A.B. asks: 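One structure follows; several queries about it will come next.
In this text the structure is predicted, and so the values were computed from the model without any measurement. The analysis underlying the following values was restricted to heavy atoms, covering all of them including side chains, and did not include hydrogens, waters or symmetry mates.
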Amino acid sequence: MEAHKSAIGIDIGGTHTTLGLVRQDGNIIWQEQLKTRDYRTPGEFIAALEVMLQPQIGTIGMDNISGIGIGAPNGNYYSGTIELAANLPWKGVIPVAQMVKDCFHLPVRLTNDANAGALGEMIFGAARSMKNFAFITLGTGLGSGLVANGQLIYGHDGFAGELGHTIISPEGRPCGCGRKGCLETYASATGLVTTAIEFLQQQKQFETFPEDWLAPVWHRNRRVSAHDVFVAAENQDPTAIAVFDYTAKILGLSLANLVALTSPEAIIFFGGMANAGDHLFTPTKKYMEDNLLPVFKGKVQILRSQLPHANAALLGAASLVLEPIKSIE
């Protein structure tokens with residue numbers, strides 16, 4: 001790829017879709033957003049992308065754009081399809097990459113959002129010098145992209161790397177995937193809140209706790225957020241600290257199993273929960289080390305993503321075509 005070329009990145013989310021032009025150095029030279037659910041069909045959605053992107057393509061010139069990268073839930077890298085995505089308005093198997101290619105006549109690559117994030121981390125972030133790492137998104141759920149020998153692990157069908165849907169408790173919490181006890185029901189912002197509520201419900205007294213602890217928040221609203229848990233932990237609330245410890249114990253064990261399978265140089269956390277810092281990182285590292293095979297002990301870093309949070313998805317999507325890869329034929 002010539003150094004002067006830019007890429008179009010498209011991050012399709014259940015609520016919003018972000019699109020932009022990204023230079024090879026990671027500088028975003030244009031960015032816009034639209035509401036995904038405003039478009040009843042994939043065809044209407046592609047038409048909206050065309051209206052927004054064609055003026056930008058005309059300005060920069062088709063020859064100066066290397067291609068279009070798309071990150072999407074349940075995106076299949078091999079087929080370029082979005083398959084059975086629960087949080088999108090369009091159901092079934094949708095050939096999004098081919099539809100975009102037919103519209104713009106540019107090379108197109110599509111993958112799931114966590115894999116796109118891993119590529120972005122490898123090109124622009126904390127994994128720039130790494131060939132073996134795991135990229136873990138800790139948000140509403142838990143997503144992951146696994147890189148081995150410098151390449152993303154896609155598996156035979158394009159859906160490898162679903163760490164969040166490995167079962168850690170067969171009779172555990174119900175998961176949105178329809179099964180029980182998936183890791184993301186414990187180690188995610190949603191899981192953290194569920195644990196906090198369970199712990200609070202076991203307490204008999206609420207009124208005697210300091211105002212900056214979790215119990216008064218729960219007592220007033222019968223609701224807590226992941227941010228509430230973080231603020232309480234910052235103020236040395238033992239319940240909040242115990243919630244983080246419980247979460248880290250489950251996550252650390254799962255990461256030890258992941259290390260045994262992929263032997264990464266680092267595990268990189270991205271997403272809202274990564275902002276919890278030492279409340280999450282320190283106990284997670286401890287529990288991972290406690291459960292590692294001796295041959296792996298002391299070898300695996302746990303790092304925070306260096307991608308700018310607001311632009312990470314866009315950079316990740318663009319990264320799909322900021323490398324010399326073939327277009328979908």
Side-chain angles (χ1 to χ4, degrees), residues 114 117-118 121 126-127 130 132-148 153 160-173 175 179-199 214 226-227 229-230 232-234 236-306:
E121 199 73 55
M130 298 180 191
N132 299 275
F133 69 94
F135 178 82
I136 310 291
T137 63
L138 295 169
T140 304
L142 189 153
S144 54
L146 309 180
V147 174
I153 299 174
E162 287 288 350
L163 181 66
H165 291 289
T166 54
I167 294 174
I168 53 91
S169 178
E171 299 302 321
R173 297 172 181 172
C175 182
R179 302 179 304 163
K180 289 183 178 181
C182 289
L183 175 62
E184 77 169 23
T185 67
Y186 295 87
S188 65
T190 305
L192 188 82
V193 168
T194 301
T195 299
I197 292 171
E198 288 177 355
F199 282 25
L214 269 180
H227 181 68
V229 182
F230 169 72
E234 286 280 276
Q236 302 304 308
D237 174 5
T239 301
I241 292 169
V243 168
F244 272 112
D245 188 74
Y246 178 84
T247 303
K249 187 173 186 177
I250 293 172
L251 180 58
L253 174 61
S254 296
L255 295 181
N257 289 334
L258 177 65
V259 169
L261 293 173
T262 64
S263 186
E265 177 180 347
I267 296 167
I268 300 170
F269 287 162
F270 174 83
M273 273 185 66
N275 296 327
D278 287 343
H279 296 301
L280 181 68
F281 282 51
T282 299
T284 297
K285 174 74 170 177
K286 173 190 179 299
Y287 287 120
M288 182 185 75
E289 289 289 341
D290 286 349
N291 288 285
L292 282 174
L293 283 167
V295 70
F296 295 117
K297 286 184 181 292
K299 293 181 179 178
V300 184
Q301 304 175 75
I302 293 182
L303 305 173
R304 183 175 171 180
S305 170
Q306 291 179 5

A.B. asks: In Å, rounded to the nearest 0.5 Å, how long is the span from CD1 of I167 to NZ of K180?
C.D. replies: 11.0 Å
A.B. asks: Taking the side chain as every heavy atom from C-beta outward, state whether L258 and L146 have any atom pair closer than 4.5 Å.
C.D. replies: yes
A.B. asks: Would you name the heavy atoms of A233 and H279 that are closest together and state the gap between them?
C.D. replies: O-CE1, 3.5 Å
A.B. asks: Any salt bridge between K286 and D290, counting N to O under 4.0 Å?
C.D. replies: yes
A.B. asks: Would a 4.5 Å heavy-atom cut-off, applied to side chains only, mark F135 and V147 as touching?
C.D. replies: no
A.B. asks: Evaluate side chain to side chain contact (heavy atoms under 4.5 Å, CB included) for I267 paired with V259, printing each intermediate quantity in order.
C.D. replies: CA-CA 9 Å; I267 296 167; V259 169; 4.1 Å; yes
A.B. asks: For S263 and F296, work out which heavy atoms get closest and say how close.
C.D. replies: OG-CE2, 3.5 Å
A.B. asks: Taking P264's backbone N and O only, do any of them form a donor-acceptor pair with K299's side chain (distance below 3.5 Å, no angle check)?
C.D. replies: no
A.B. asks: Backbone N or O of A187 within a donor-acceptor pair of the T247 side chain at under 3.5 Å?
C.D. replies: no
A.B. asks: Check whether any side-chain heavy atom of Y186 lies under 4.5 Å from a side-chain heavy atom of S169, and answer yes or no.
C.D. replies: yes
A.B. asks: Please say which of L303, N275, L251 ends up in a side-chain contact (heavy atoms from CB on, under 4.5 Å) with F269.
C.D. replies: L251
A.B. asks: Would you say the side-chain atoms of E121 pair up with the backbone N or O of Q306, donor to acceptor, closer than 3.5 Å?
C.D. replies: yes
A.B. asks: Can you check whether F230 reaches L280 side chain to side chain, under 4.5 Å on heavy atoms?
C.D. replies: no
A.B. asks: Donor-acceptor check, side chain of S254 to backbone of I250, threshold 3.5 angstrom: yes or no?
C.D. replies: yes
A.B. asks: Can you tell me how far the CD1 atom of I168 sits from the CD atom of E184, to the nearest 0.5 Å?
C.D. replies: 11.0 Å
A.B. asks: Test your reading of the model: is there a side-chain donor-acceptor pair from S305 to the backbone of F270, 3.5 Å cut-off?
C.D. replies: no
A.B. asks: Please give me the minimum heavy-atom distance between A226 and A189, naming the atom from each residue.
C.D. replies: CB-CB, 4.1 Å
A.B. asks: Hey, could you give me the OG1/CE distance between T137 and M273, rounded to the nearest 0.5 Å?
C.D. replies: 11.0 Å
A.B. asks: Should V243 and L192 be marked as a side chain to side chain contact (heavy atoms under 4.5 Å, CB included) after you check the CA-CA gap, both sets of side-chain angles, and the distance that decides it?
C.D. replies: CA-CA 7 Å; V243 168; L192 188 82; 3.6 Å; yes
A.B. asks: Look up atom OG1 in T194 and atom CZ in R173, then write down how far apart they are to the nearest 0.5 Å.
C.D. replies: 5.0 Å
A.B. asks: Mind checking the CG-OG1 spacing from D245 to T282? Nearest 0.5 Å is all I need.
C.D. replies: 11.0 Å
A.B. asks: Going by heavy atoms in the side chains, are T195 and F244 under 4.5 Å from each other?
C.D. replies: no
A.B. asks: Quick check: closest heavy atoms across A160 and I153, and the distance to 0.1 Å?
C.D. replies: CB-O, 3.7 Å
A.B. asks: Kindly say whether L214 contributes a backbone atom to a donor-acceptor pair with the side chain of D237 at under 3.5 angstrom?
C.D. replies: yes
A.B. asks: Do you know which two heavy atoms are closest between C175 and H165, and how far apart they sit?
C.D. replies: SG-CE1, 3.4 Å
A.B. asks: So, the side chain of T284 versus the backbone of F281: is there a donor-acceptor pair under 3.5 Å, distance only?
C.D. replies: no
A.B. asks: Would you indicate whether K297, at its atom NZ, is surrounded by more than 12 heavy atoms from other residues, nucleotides or ligands within a distance under 6.0 Å?
C.D. replies: yes
A.B. asks: Short question: side chain of Q301, backbone of A266 - any donor-acceptor pair under 3.5 Å?
C.D. replies: no
A.B. asks: For the CD atom of E162 and the CG atom of L142, what is their distance to the nearest 0.5 Å?
C.D. replies: 9.5 Å
A.B. asks: If I compare all heavy atoms of G191 with all of S188, which pair ends up nearest, and what's the gap?
C.D. replies: N-OG, 3.0 Å
